[in-house]
Amino acid sequence: MRYDPDRHHRRSIRLPEYDYSLGGSLFITICTHNRECLFGEVVDGEMRLNALGEIACAEWGRSAAIRRELEIDAYVLMPNHVHGIVTIRDRGVGATGGRPDQAFPPHPRATTGRPYGPPPRSVGAFVGGFKSSATRRINALPDTTRTAVWQRNYYERIIRNDDEFERTRWYIEDNPRRWAEDEYNPDR
């Protein structure tokens, strides 16, 4: 079926006026499909990863390592979600991998009006790449072929100042200890 902008549209939870490829920090949360506890369990306030959790954790680090335009700060993999702080470096510091004055190419949607996914070098591109690579590796394991791993989309909050950055970092690092009260805990 061909793309029809009048019929094929999804409600976005992104801020329409915010350019997510510009420099800045965001607190992101990515949940598993149906919020299933796929990645391990919390025991005595400490996250214990299983094989799927090890894969997801490794892919989080790998996804960040191959994207020079991003910097990963605190993150935690929980049984059914990931929390992390992602900072997009300012375009002027060589995020393109070339000269600082080199322009980003226009996003395909800007010229065609058709949806082609998130803009390159954005948090959306990072999340999409992370989800894709983690899913591919998880589904390569025996007995997990074609397993739905992630819920569609992700949540983000723009971190506006240093104080909010530190509070968010503490929240992420303390998340396993507070699992019993966590809104994503199915046993709460």
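Along the sequence shown, the residues carry numbers beginning at 1. What you see below is based on every heavy atom in this structure, not just the backbone, and it leaves out hydrogens, waters and symmetry mates.
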Minimal non-hydrogen separation, [X] against [Y], with atom names:
X	Y	answer
Cys57	Leu49	CB-CD1, 4.0 Å
Phe39	Ala56	CE2-CB, 3.8 Å
Gly40	Asn50	N-ND2, 3.3 Å
Ala180	Arg188	O-CG, 3.5 Å

Looking at [X] and [Y], would you say the former's side chain and the latter's main chain have a donor-acceptor pair under 3.5 Å?
X	Y	result
Lys131	Gln151	yes
Asn80	Thr32	no
Arg178	Tyr171	yes

Rounded to the nearest 0.5 Å, what's the gap from [atom1] on [X] to [atom2] on [Y]? Could you check?
X	Y	atom1	atom2	answer
Asp73	Phe165	CG	CZ	3.5 Å
Met47	Trp179	CE	CH2	8.0 Å
Ile172	Ile28	CD1	CD1	9.0 Å
Leu38	Leu52	CG	CG	6.5 Å
Asp182	Asp187	CG	CG	11.5 Å
Ile72	Arg67	CD1	CZ	9.5 Å

Item to check | Met78/Val42 under side-chain contact (heavy atoms from CB on, under 4.5 Å): CA gap, chis, key distance, verdict | outcome: CA-CA 8 Å; Met78 296 296 290; Val42 176; 4.0 Å; yes

Next on the checklist: With side-chain contact (heavy atoms from CB on, under 4.5 Å) as the criterion, how do Val123 and Glu156 come out once you've worked through the C-alpha distance, each side chain's angles and the decisive distance to 0.1 Å?
Outcome noted: CA-CA 9 Å; Val123 171; Glu156 99 278 314; 5.7 Å; no

Is there side-chain contact between [X] and [Y], with heavy atoms separated by less than 4.5 Å?
X	Y	answer
Tyr184	Pro79	no
Leu141	Ile55	yes
Trp150	Phe130	yes
Glu46	Pro176	no
Tyr155	Cys31	yes

Item to check | Ring centres under 6.0 angstrom apart (Trp170, Phe27) | outcome: no

Item to check | Ion pair Arg167/Asp163, N-O distance below 4.0 Å | outcome: yes

Next on the checklist: Looking at Glu71 and Arg89, is there a salt bridge between them, counting it only when a charged N and a carboxylate O are closer than 4.0 Å?
Outcome noted: yes

Next on the checklist: Are more than 12 heavy atoms, taken from residues, nucleotides or ligands other than Asn161, located less than 6.0 Å from that residue's CG atom?
Outcome noted: yes

Checklist entry - After noting the C-alpha distance and the side-chain angles of Ile85 and Leu26, does the key distance pass the side-chain contact (heavy atoms from CB on, under 4.5 Å) rule? => result CA-CA 6 Å; Ile85 297 174; Leu26 294 117; over 6 Å; no

Checklist entry - Applying side-chain hydrogen bond (donor to acceptor under 3.5 Å, both in side chains), which residue pairs with at least one partner in residues 56-65 are found, sequence neighbours left out? => result Glu59-Arg62, Glu59-Ser133, Glu59-Arg137

Item to check | CA sep, side-chain torsions, deciding dist, call: Arg35, His81, side-chain contact (heavy atoms from CB on, under 4.5 Å) | outcome: CA-CA 7 Å; Arg35 297 205 174 134; His81 64 282; over 6 Å; no

